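When a residue number appears, it is its place in the shown sequence, counting from 1. Just so it is clear, the model here is predicted, and its values are computed rather than measured.
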Amino acid sequence: MASPAQPNPEFLRRAIALATENVTNGHGGPFAAVIVRDGQIVGEGANSVTATNDPTAHAEVAAIRAACKAMGTFRLAGCQLYTSCEPCPMCLSAAYWARLDAIFYGCCAADAARAGFDDAFLYEEFRKDPSERRLPATRLLSDEAWASFAAWIASPNKVAY
């Protein structure tokens, strides 16, 4: 496990300023994030869920996408995420998938809930058995679906991630 870098409050201030600007300009919710590597911002993003009608257009995901594009990689090891608010479950998962070294955030999930953004129910849902969740999920065609994994295992061209 990587040790987290020393936090630099200036990067969090940038994320906070972007989040406030995002609201002021009417572009989306009060969330923004920057990705930092070696003391330089390599990607930034702001929430654009309502502007783009895309429920995945969260600030952290946008910043991760921008950093990956700028760096030409899908692995952001050696980078840190500075975000105006504690990441939701989707964004936290994206941070893990990107292999970020650390996350620094301003507001916490309880602050977001106070402003009307409550992700607590998602954490509760994840703890439930899939059959007990509000969103039904049913496994089908598992044997047929395995064919894509078998192709991956056999592929000489795969790039592990």
Side-chain angles (χ1 to χ4, degrees), residues 1-130 132-137 152 159-161:
M1 183 168 87
S3 62
Q6 279 296 106
N8 182 332
E10 291 308 310
F11 295 123
L12 187 53
R13 286 187 180 102
R14 172 66 180 159
I16 293 166
L18 286 170
T20 304
E21 180 181 311
N22 200 50
V23 172
T24 303
N25 292 338
H27 294 146
F31 305 97
V34 299
I35 305 288
V36 175
R37 181 175 179 90
D38 298 328
Q40 300 293 316
I41 294 175
V42 295
E44 53 185 36
N47 177 286
S48 64
V49 170
T50 56
T52 61
N53 294 318
D54 179 355
T56 68
H58 288 206
E60 297 89 341
V61 171
I64 288 168
R65 288 175 178 162
C68 288
K69 184 175 182 179
M71 295 175 57
T73 182
F74 57 88
R75 291 185 186 110
L76 297 178
C79 296
Q80 303 82 43
L81 169 65
Y82 288 81
T83 181
S84 60
C85 186
E86 182 178 4
C88 73
M90 177 182 69
C91 293
L92 181 59
S93 296
Y96 274 99
W97 283 120
R99 311 296 196 257
L100 290 163
D101 286 3
I103 299 170
F104 303 104
Y105 60 93
C107 291
C108 68
D111 296 325
R114 241 182 34 226
F117 300 92
D118 191 0
D119 298 330
F121 85 95
L122 290 172
Y123 290 105
E124 293 168 15
E125 286 288 294
F126 294 155
R127 284 191 287 273
K128 294 178 183 177
D129 184 86
E132 296 174 2
R133 293 179 185 158
R134 281 199 267 173
L135 180 61
W152 170 260
V159 176
Y161 59 97

Task: Residue pair Val61 / Thr56, side-chain heavy-atom distance below 4.5 Å - done: no
- [ ] Sorted by first residue and then second, give each ring-ring contact (aromatic ring centres under 6.0 Å, His included) pair with at least one member in residues 36-67; sequence neighbours left out.
- [x] none
Task: ring-ring contact (aromatic ring centres under 6.0 Å, His included): pairs with one or both residues in residues 6-44, sequence neighbours excluded - done: Phe11-Tyr82, Phe31-Phe117
Task: Closest non-hydrogen atom pair, Gly43 against Ala66 - done: CA-CB, 4.0 Å
TODO: Of all the heavy-atom pairs spanning Ala59 and Ala32, show the shortest one and how long it is.
DONE: CB-CA, 3.4 Å
Name each donor-acceptor pair under 3.5 Å that joins a side chain in residues 85-99 to protein atoms two or more places apart or in another chain, with its distance.
from: Glu86; atom 1: OE1; to: Ala109; atom 2: N; distance (Å): 2.8
from: Ser93; atom 1: OG; to: Pro89; atom 2: O; distance (Å): 2.9
from: Arg99; atom 1: NH1; to: Tyr96; atom 2: O; distance (Å): 3.4
from: Arg99; atom 1: NH1; to: Trp97; atom 2: O; distance (Å): 3.2
from: Arg99; atom 1: NH2; to: Tyr161; atom 2: O; distance (Å): 2.5

Task: Distance-minimising heavy-atom pair for Val42 and Ala70 - done: O-CB, 3.5 Å
Open item on the list: Suppose the criterion is salt bridge (charged side-chain N to carboxylate O under 4.0 Å, His left out): which pairs have a residue in residues 52-76, not counting sequence neighbours?
Closed with: none
Open item on the list: Strictly by salt bridge (charged side-chain N to carboxylate O under 4.0 Å, His left out), give each pair with a member in residues 43-53 just once, sequence neighbours left out.
Closed with: Arg14-Glu44
- [ ] Quick one: list whatever passes side chain to side chain contact (heavy atoms under 4.5 Å, CB included) with Ala62, sequence neighbours left out.
- [x] none
TODO: Please examine the side chains of Ile41 and Ile35, heavy atoms only from C-beta on, and report whether any two atoms are closer than 4.5 Å.
DONE: no
Task: Greater than 12 external heavy atoms within 6.0 Å of Gln40's CD - done: no
- [ ] Give the minimum heavy-atom separation between Ala15 and Ala33, together with the two atoms involved.
- [x] CB-CA, 4.1 Å
Task: side-chain hydrogen bond (donor to acceptor under 3.5 Å, both in side chains) partners of Arg114, counting only residues at least two apart - done: Asp111
Open item on the list: Please enumerate all residues that pass side-chain hydrogen bond (donor to acceptor under 3.5 Å, both in side chains) together with Glu21, with sequence neighbours excluded.
Closed with: none
Open item on the list: Checking Glu124 now: which residues fulfil side-chain hydrogen bond (donor to acceptor under 3.5 Å, both in side chains) with it, not counting sequence neighbours?
Closed with: none
- [ ] Could you tell me whether a side-chain N or O of Asp118 sits under 3.5 Å from a main-chain N or O of Ala113, the two making a donor and an acceptor?
- [x] no
Task: Donor-acceptor contact present, side-chain Asp101 to main-chain Gln80, <3.5 Å - done: no
- [ ] Kindly compute the distance separating CZ (Phe104) from CG (Asn8), expressed to the nearest 0.5 Å.
- [x] 9.5 Å
Task: With sequence neighbours excluded, residues passing salt bridge (charged side-chain N to carboxylate O under 4.0 Å, His left out) with Arg133 - done: none
Task: Side-chain heavy-atom pair Val36, Leu81 within 4.5 angstrom cut-off - done: no
- [ ] Report the distance from atom CG of Asn22 to atom CG of Asn47, rounding to the nearest 0.5 Å.
- [x] 6.0 Å
- [ ] Provide the closest heavy-atom pair for Arg37 versus Met71 in the form atom of the first, atom of the second, distance.
- [x] CD-CE, 3.4 Å
TODO: Provide the closest heavy-atom pair for Val159 versus Trp152 in the form atom of the first, atom of the second, distance.
DONE: O-CH2, 3.3 Å
Open item on the list: My understanding is that only residues two or more places apart in sequence, or in another chain, count here; which of them pass side-chain hydrogen bond (donor to acceptor under 3.5 Å, both in side chains) with Asp129?
Closed with: Ser131
